[in-house]
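All chains are named by letter (A, B, ...) in the order of the sequence lines, taking the proteins before the strands, and each is independently numbered beginning at 1. Quick note: numbers below take in every heavy atom, side chains included, and nothing from hydrogens, waters or symmetry partners. Remember, predicted model here, so these are calculated numbers, not experimental data.
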Protein chains: 4
Amino acid sequence: MDEPIFDIAHLGHVELLTDKPDESLDFFTRVLGLSESGREGESVFLRAFDDYEFHTLKLTAAPTTGMRHVGYRAASPQALARRVAAIEAMGCGIGWSDGDLGHGPAYRFHDPDGHVFEIYYETRRYVPPPEEKPALKNQAQRVPNRVIAPRRLDHLNLLATDVAAIRDFVPKALGSRVTEQIVLDDGTVGGCWFTVNNKSYDVAYTRDATGVRGRFHHVTYAVDQREHILQAADVFLENGVHIETGPHKHAVQQTFFLYVWEPAGNRVELANAGARLILAPDWQTVTWTQTERMKGQAWGLKTIESFHTHGTPPA
Amino acid sequence: MDEPIFDIAHLGHVELLTDKPDESLDFFTRVLGLSESGREGESVFLRAFDDYEFHTLKLTAAPTTGMRHVGYRAASPQALARRVAAIEAMGCGIGWSDGDLGHGPAYRFHDPDGHVFEIYYETRRYVPPPEEKPALKNQAQRVPNRVIAPRRLDHLNLLATDVAAIRDFVPKALGSRVTEQIVLDDGTVGGCWFTVNNKSYDVAYTRDATGVRGRFHHVTYAVDQREHILQAADVFLENGVHIETGPHKHAVQQTFFLYVWEPAGNRVELANAGARLILAPDWQTVTWTQTERMKGQAWGLKTIESFHTHGTPPA
Amino acid sequence: MDEPIFDIAHLGHVELLTDKPDESLDFFTRVLGLSESGREGESVFLRAFDDYEFHTLKLTAAPTTGMRHVGYRAASPQALARRVAAIEAMGCGIGWSDGDLGHGPAYRFHDPDGHVFEIYYETRRYVPPPEEKPALKNQAQRVPNRVIAPRRLDHLNLLATDVAAIRDFVPKALGSRVTEQIVLDDGTVGGCWFTVNNKSYDVAYTRDATGVRGRFHHVTYAVDQREHILQAADVFLENGVHIETGPHKHAVQQTFFLYVWEPAGNRVELANAGARLILAPDWQTVTWTQTERMKGQAWGLKTIESFHTHGTPPA
Amino acid sequence: MDEPIFDIAHLGHVELLTDKPDESLDFFTRVLGLSESGREGESVFLRAFDDYEFHTLKLTAAPTTGMRHVGYRAASPQALARRVAAIEAMGCGIGWSDGDLGHGPAYRFHDPDGHVFEIYYETRRYVPPPEEKPALKNQAQRVPNRVIAPRRLDHLNLLATDVAAIRDFVPKALGSRVTEQIVLDDGTVGGCWFTVNNKSYDVAYTRDATGVRGRFHHVTYAVDQREHILQAADVFLENGVHIETGPHKHAVQQTFFLYVWEPAGNRVELANAGARLILAPDWQTVTWTQTERMKGQAWGLKTIESFHTHGTPPA
């Protein structure tokens with residue numbers, strides 16, 4: 001039996017593109033409660049209050065929207081080297097970059113759908129300025145006095161034209177496990193959820209019905225309690241943010257969720273997983289059928305149409 | 001730089017002794033909301049609704065109280081072999097046991113304070129009978145219709161006469177990381193928190209001021225939301241359970257907690273960690289000083305005296 | 001200026017009919033967490049744990065479903081006499097009944113849509129048997145150890161063919177204030193919310209599009225926290241209860257809600273109003289337009305079709 | 001049988017004195033989440049987001065601390081006249097004042113301990129400026145984007161040297177009902193809780209052991225959920241606010257509470273009552289004994305010493 005792979009420690013950051021940089025930045029900071037830790041070129045580096053790294057979201061002004069790249073942090077330099085060797089052998093490598101304000105050298109590659117990934121080990125820890133020092137020293141930064149104040153980056157969701165190919169690819173590249181999947185009646189994989197650690201997923205892929213490659217579905221930040229998501233809904237409402245669906249509980253992964261669109265159209269989720277973790281090293285993939293999915297979310301909410309069609313950039 | 005060790009997947013179970021077996025069983029099932037999955041000899045096997053293994057608590061009738069052993073599940077057969085080799089080299093091994101109703105062969109050893117540990121890989125997954133089949137297939141068992149319904153085993157806390165020795169021992173034996181510790185002004189280690197995975201701790205040790213070795217402080221089950229702990233307090237109150245302290249938030253690890261004593265005197269905690277996880281592979285141990293600890297818990301609640309003195313069996 | 005009327009203290013009870021008495025009783029007790037306080041004839045008397053009266057729900061076996069009558073308790077014998085005089089003068093009185101297991105003499109009348117109301121003053125306080133004595137003496141009964149354990153009856157919703165007529169009638173009969181209403185573009189009153197005390201509503205009427213008179217929309221029990229409604233959704237799911245819509249937040253009255261159908265088809269709501277009360281003695285009716293209602297519930301959930309058509313008995 | 005009196009609609013506002021006006025104002029707005037609606041002389045007028053009146057807290061710079069007066073709103077002009085007549089007959093009247101920025105003519109009187117009360121009917125409704133218009137029109141103001149955002153004024157607590165005298169006085173003056181009380185073994189009334197409406201209390205009096213008359217214990221704002229109080233505790237912690245005790249649940253009235261001291265020393269509470277209301281028009285006063293009170297709060301938390309001694313102004 002092959003041993004499970006623990007080379008990748010966790011999802012590190014997502015770089016999102018926005019063609020409305022001022023409105024998007026206002027959304028992510030004033031409404032969503034992220035903090036700015038730096039700027040470089042066209043990018044603003046953002047993080048949740050208990051993210052230990054310099055940033056978990058790199059927001060970059062661009063002529064379009066969507067995701068430019070996603071970064072994962074390796075568990076050690078040795079683990080990074082092992083992953084790079086494996087990825088190079090898979091033939092999908094792009095090569096090394098110097099990193100940016102937030103981390104050191106990163107090895108880039110692309111998934112079968114064309115999304116760009118990078119893996120790195122050397123990182124820059126967030127050091128709070130005096131006015132951001134938390135009262136409790138085991139926390140990265142003080143809790144923002146805003147209704148929405150996510151604790152940390154949770155996961156992202158990408159769209160792919162061929163999710164079955166992705167299901168094969170991600171475990172090989174990152175050492176991830178497939179925790180859940182949707183398999184339609186015709187055998188098509190409708191969605192696939194992956195994790196490199198004890199979280200139930202750090203990246204999910206769902207099928208892009210438009211046939212366009214490389215698109216982005218959403219990025220998710222985690223809050224501590226489900227009630228915080230209910231409160232967040234009021235803040236989105238008061239601020240005129242487009243609430244797409246929720247709050248409700250996913251049947252898949254049982255996450256309590258709320259989806260909104262930031263001003264440029266990128267979808268953002270707030271989520272709470274309760275105490276649910278994937279602790280079994282030999283977790284058996286849960287497979288949902290088409291019939292099961294048609295029941296809607298956990299408590300019966302029908303999945304709304306835009307959830308299947310809206311991605312960034314627009315198709 | 002040495003690589004982090006991921007050989008142990010997670011805390012598996014705790015065996016508690018009770019000299020009031022009927023009352024204790026009534027507490028753990030009717031009040032605390034655990035389910036019975038089997039019996040063997042003097043033991044009843046219990047689990048929370050989303051624990052994937054056959055049991056996480058083995059409740060054994062005995063002339064005394066306290067913990068008989070704690071079990072950890074290895075990440076693979078190979079990982080188990082590596083740990084056994086390491087532990088044998090440390091000279092604290094006891095040897096192999098055949099396991100019990102809940103798992104296969106286990107290698108036993110003792111910590112410097114005399115507590116018995118075991119590590120195993122082969123396990124028995126819980127298979128729900130028809131009436132316990134959950135509505136959502138990614139969950140081990142249906143949610144019990146009881147106010148208190150913990151999702152899973154979370155951690156345990158042991159007492160030790162020399163926590164500094166423990167701090168050295170556990171990482172070597174299990175590959176754990178030390179996430180937080182208390183160091184008193186005289187250099188004594190007052191407490192130490194360890195994890196083998198992304199949870200902020202799976203075992204904690206605190207100093208036994210009585211000088212007695214091998215004692216047990218508490219076992220903890222995780223609920224999904226802080227509000228569930230507030231509700232639990234009412235159920236404990238209605239059922240005449242001794243509430244020792246809480247609900248409140250620990251400064252150390254920021255866990256929201258509630259401590260009670262089951263009828264035989266073993267301390268039990270309900271806890272919620274929110275979205276807090278240890279994702280950094282190179283997490284830097286947080287050290288609390290004596291002065292900081294004297295401030296009490298996070299919001300100022302003074303740590304009550306019995307928390308420092310009450311353990312099982314009685315000293 | 002006329003003085004506000006405080007003759008009616010509060011909504012007292014609802015009598016529901018069921019053609020599946022065993023299944024309905026199982027639902028209301030085992031799933032919804034009500035307690036049985038007595039039986040008489042074809043009726044079972046039920047109440048929530050902190051309802052101070054003998055019953056708030058009278059469940060009666062019958063060949064059909066829907067509501068047989070609703071009872072309100074007067075603030076004093078004098079107040080009762082004033083209301084009876086007023087109602088008799090309105091020409092809609094039915095006459096006195098002897099009451100039942102739960103209360104003394106009641107004066108019955110019907111609203112313009114044919115629903116039967118009664119008002120009474122003499123009541124029977126619930127006296128808990130020893131095993132139901134609460135730990136806290138300011139509570140009617142101990143908290144049931146069930147996930148769903150509503151604190152008290154909250155309100156009911158009736159259907160009416162002419163809500164404008166009802167809007168005129170209820171304040172005259174009961175002394176209620178109209179707290180909110182929906183007025184469609186053609187001037188039709190789509191819904192109307194009434195209160196006799198500080199609750200934001202104790203009865204609501206919405207338009208019955210089927211043109212059938214005297215139908216019932218739902219009865220609502222109040223839980224203490226919104227989180228309890230999220231938990232309730234899981235219990236309904238595990239027990240195969242039809243969840244119609246929710247959890248979500250109403251725009252009207254801002255109640256956090258969850259609607260299910262009990263086995264016989266009567267709609268039941270669990271609700272939480274937070275700290276919202278109507279304290280202003282001269283509260284100004286809030287009027288929602290057709291356009292505003294088309295936005296859906298507070299966070300954008302579309303009101304589902306069955307909410308406009310399903311009532312009991314079936315049309 | 002005398003009819004219950006409904007002449008007073010609700011607690012209207014409290015005027016607090018502060019000798020640290022800038023720090024106090026910063027606390028009440030930036031930390032506690034109240035909004036400023038006006039200024040006059042040495043006073044700033046504050047309110048919670050869903051208080052319908054112009055203000056519920058009048059914060060006045062002064063050489064000392066404590067409460068200058070408390071205001072109640074009458075249910076109608078006729079009701080106001082009835083109360084004034086009753087109070088004048090009791091011989092404790094002070095006379096009419098012109099009101100202030102927030103309300104019209106008010107009749108002032110003093111309780112047996114020297115606290116100043118006023119009752120008024122004409123009030124000034126809060127009209128939100130465009131940037132404070134709420135998304136939901138049945139709410140007074142938009143929800144502030146702050147962690148602590150109380151919905152409304154809830155109650156106040158005064159100290160009195162002779163609570164038995166107060167227990168006799170308040171129902172006569174305001175028409176209040178006594179919902180709960182503490183009677184010590186020697187017959188002394190330790191505390192008494194009063195309500196004029198369906199809230200379980202709008203004013204409480206507890207015994208001032210110092211023997212000083214006219215002191216203030218605390219003012220309380222209501223939040224929608226218990227979880228909001230847990231979040232508030234973190235905000236107080238991050239902002240260096242003195243947390244006196246809590247979060248915990250009172251046995252008396254079952255309120256979930258958190259007590260802090262604002263910078264000048266006046267005690268402030270955040271509270272949540274869940275769905276608990278006093279609906280019975282003939283509610284029977286709940287009496288707690290000295291023994292019962294010595295058990296501490298609902299879940300066993302001992303009442304801390306300063307709660308019995310700290311009042312404003314200092315004794």
Taken to the nearest 0.5 Å, the spacing of A/Ile243 CD1 from A/Leu258 CG works out to 6.0 Å
Rounded to the nearest 0.5 angstrom, the CG-CG distance for C/Leu270 and C/Leu230 is 11.0 Å
If one checks every heavy atom of A/Phe256 against chain C at 4.5 Å, the contacting part turns out to be side chain
*C/Leu11 vs C/Val203, side-chain contact (heavy atoms from CB on, under 4.5 Å): CA-CA, chis, key distance, verdict*: CA-CA 8 Å; C/Leu11 171 65; C/Val203 64; over 6 Å; no
Scan chain C against chain A and return every donor-acceptor pair whose distance is under 3.5 Å.
residue: C/Arg226; atom: NE; partner: A/Glu227; partner atom: OE1; Å: 3.2
residue: C/Arg226; atom: NE; partner: A/Glu227; partner atom: OE2; Å: 3.4
residue: C/Arg226; atom: NH2; partner: A/Glu227; partner atom: OE2; Å: 2.6
residue: C/Glu227; atom: OE1; partner: A/Arg226; partner atom: NE; Å: 3.2
residue: C/Glu227; atom: OE2; partner: A/Arg226; partner atom: NE; Å: 3.4
residue: C/Glu227; atom: OE2; partner: A/Arg226; partner atom: NH2; Å: 2.6
residue: C/Asp234; atom: OD1; partner: A/Lys249; partner atom: NZ; Å: 3.0
residue: C/Asp234; atom: OD1; partner: A/Trp299; partner atom: NE1; Å: 2.9
residue: C/Asp234; atom: OD2; partner: A/Lys249; partner atom: NZ; Å: 2.9
residue: C/Lys249; atom: NZ; partner: A/Asp234; partner atom: OD1; Å: 3.0
residue: C/Lys249; atom: NZ; partner: A/Asp234; partner atom: OD2; Å: 2.9
residue: C/Trp299; atom: NE1; partner: A/Asp234; partner atom: OD1; Å: 2.9

Per-residue tally against chain A (heavy atom, under 4.5 Å) across C/Leu237, C/Leu301, C/Ile304 peaks at C/Leu237
Apply side-chain contact (heavy atoms from CB on, under 4.5 Å) to C/Leu17 and C/Phe216, showing your working. CA-CA 10 Å; C/Leu17 304 179; C/Phe216 170 78; over 6 Å; no
query: How far apart are the C-alpha atoms of A/Phe28 and A/Val44, what are their side-chain angles, what is the distance that settles it, and do they pass the side-chain contact (heavy atoms from CB on, under 4.5 Å) test?
result: CA-CA 11 Å; A/Phe28 281 112; A/Val44 181; over 6 Å; no
Shortest non-hydrogen pair, C/Val223 vs C/Pro150, comes out as CG1-CA, 3.8 Å
Problem - Worked verdict on A/Phe236 versus A/Val31 for side-chain contact (heavy atoms from CB on, under 4.5 Å) - result: CA-CA 7 Å; A/Phe236 290 135; A/Val31 178; 3.8 Å; yes
